[in-house]
Amino acid sequence: MNVLVTGGMGYIGSHTCVQMIQAGITPVIVDNLCNANKEVLNRIQALTDVTPVFYQGDVRDEAFLDHVFSEQEIDAVIHFAGLKAVGESVAKPLEYYDNNVNGSLVLARAMRKAGVKSLVFSSSATVYGDPASVPITEAFPTGNTTNPYGRSKYMVEQCLSDLFHAEPDWSITLLRYFNPVGAHPSGTMGEDPKGIPNNLMPFIAQVAVGRRAELAVFGNDYPTSDGTGVRDYIHVLDLADGHIAALNSVGAKAGLHIYNLGTGQGSSVLDMVHAFANACGHDVPYKLCPRRPGDIAECWASTEKAEAELGWKATRTIAQMTADTWLWQSNNPNGYEK
Ligand code: NAD
Ligand code: UDP
């Protein structure tokens, strides 16, 4: 199977390409490198002995996509490409809607022209907004999102669902990720955020390696076990395997398929700080700070549907997530920059 992977040079895309190659699937990468480094190709090659075909270009460029589809025999598309920083999306809504929503529409149009009708889309648990209860099932209401990034994911879900209803020969899979963390256990591939990390795990990792003085813990007055926010952290390799399970089980079946990709376990911010300290062998300095606007108290997935229908379940523990992140961060203190 040949799979076009948009955003395949990014954090989740690069790990998914490695897992795909190891599962006998051939990735063809499209990425404009706006948030990635070309060194990723060498790292994929070193891990798999395969250098994937790579096209540098933008998913909003329909002529470019037409050219890629004309050169490659593609069976399915995984669409990772997009912008993902919540705070930045508030400051730059037009850029976010253009990249995430328009980019997805242009891609779907190019796919239809090329006769490729199997699409796996990177959605997010953010589409659930502040859930009434946990765990969150796929049947929970969506759309009550609090920022342009979340709305862009919700809008793409709506557009793709309308597309499926108009043209029911498509296979459209919406994968709602919870909190992807971790790195390849080789220590050669991981998350490489530009500037100050927005997310918890890369921030902790940069504190642990000495690039930043301390972690700000956003809120210790939530109604949770220790007062800090609770999330469902999932190892990026488990997430990658979830895409392969989706391709293999529903990727060729016409339908609109929706799955949570999480572990079903909640961990607090302080749980993660302590787990990371165990992994790196020293304390991670932190200070308790006010809540971050827009954050919710707790969020974790019901994993039953993905287990039953995809035969997929996340298996890697928080200890593995923190150990792998530490290995990546300590081997590559400046990420992919030499
Ligand atoms: P990432 O930024 O590491 O990867 C995205 C890749 O897409 C980058 O390599 C970037 O260069 C590329 N890209 C961006 N816009 C493009 C465009 N217009 N044309 C071509 N390439 C483009 O992000 P990630 O963490 O790997 O996330 C992948 C997807 O998963 C994103 O759609 C993101 O919104 C979604 N997601 C991520 C998380 C998370 O916490 N990391 C959670 C839920 C959903
Ligand atoms: N968080 C924190 N300090 C940080 C970054 C995040 O305390 O520097 C907390 C945040 O308030 C939330 C959790 O860590 O409770 C996960 O945040 P992240 O941004 O990684 O993911 P989110 O679930 O918000 O998308």
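Quick note: numbers below take in every heavy atom, side chains included, and nothing from hydrogens, waters or symmetry partners. Nothing here was measured: the structure is a model prediction, and the numbers come from that model. Start at 1 and go down the list; that is how both ligands and their atoms are numbered.
Both the backbone and the side chain of L200 come within 4.0 Å of ligand 2, judged by heavy-atom distances. Neither the backbone nor the side chain of A125 comes within contact range of ligand 1; no heavy atom lies under 4.0 Å. Residue contacts with ligand 2, taken as heavy atom pairs separated by less than 4.0 Å, involve N199 via backbone and side-chain atoms alike. When heavy-atom distances to ligand 2 are checked against a 4.0 Å cut-off, V230 has no atom that comes that close, whether in backbone or side chain. Heavy atoms of L33 found under 4.0 angstrom from ligand 1 belong exclusively to the backbone. Here E191 has no heavy atoms under 4.0 Å from ligand 1, in either its backbone or its side chain. The proximity of N198 to ligand 2, defined as any non-hydrogen pair under 4.0 Å, is limited to the backbone.
At least one heavy atom of S123 sits under 4.0 Å from some atom of ligand 1. Heavy-atom separations between K153 and ligand 1 include at least one value shorter than 4.0 Å. Residue contacts with ligand 1: P180 is included, with a non-hydrogen atom under 4.0 Å away. Heavy-atom separations between T6 and ligand 1 are all 4.0 Å or longer. Under a 4.0 Å heavy-atom criterion, G57 is in contact with ligand 1.
Given atom 21 (N) of ligand 1, the protein heavy atom at minimum distance is N32 N, 3.1 Å. The protein heavy-atom contact nearest to atom 9 (O) of ligand 1 is D31 OD2, 2.6 Å. Of the protein's heavy atoms, F80 O, 3.1 Å lies nearest to atom 31 (C) of ligand 1. Atom 34 (O) of ligand 1 has Y149 OH, 2.7 Å as its closest protein atom, hydrogens excluded (heavy atom only). The protein heavy-atom contact nearest to atom 9 (C) of ligand 2 is V269 CG2, 3.7 Å. Protein heavy atom in closest approach to atom 2 (O) of ligand 1: N35 ND2, 2.7 Å.
Residue-ligand proximity, L215 to ligand 2, at heavy-atom distances under 4.0 Å covers atoms 3 (N), 4 (C), 8 (O). Listed by number with element, the atoms of ligand 2 under 4.0 angstrom from any heavy atom of V217 are 7 (O). Proximity to N179 (heavy-atom distance under 4.0 Å) selects the following atoms of ligand 2: 21 (O), 22 (P), 23 (O). Every atom of ligand 2 with a heavy atom of G229 under 4.0 Å away is listed here by number and element: 15 (O).
Considering backbone and side-chain N/O atoms, Y177 never comes within less than 3.5 Å of an N/O atom of ligand 1. The distance criterion of under 3.5 Å between nitrogen or oxygen atoms is met by A216 with respect to ligand 2.
When Y149, Y286, Y233, F203 are ranked by how near their heavy atoms come to atom 16 (C) of ligand 2, first place goes to Y233. Between the choices M9, K84, E95, the shortest heavy-atom distance to atom 24 (P) of ligand 1 belongs to K84. When I12, N100, V5 are ranked by how near their heavy atoms come to atom 27 (O) of ligand 1, first place goes to I12. When the heavy-atom distances from atom 15 (N) of ligand 1 to L65, L83, D58, N99 are ranked, the shortest goes to N99.
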Exercise. Given ring pair (Phe, Tyr, Trp, His ring centres under 6.0 Å), test Y177 with H243 step by step and report yes or no.
Key: CA-CA 11 Å; Y177 310 160; H243 291 74; 5.3 Å; yes

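We find that K84 and E191 are joined by a salt bridge, their nearest charged nitrogen and carboxylate oxygen being less than 4.0 Å apart.
Between H257 and Y259, the ring-plane angle classifies as parallel under the 30° and 60° cut-offs.
Rounded to the nearest 0.5 Å, atoms CZ (F178) and SG (C299) are 5.0 Å apart.
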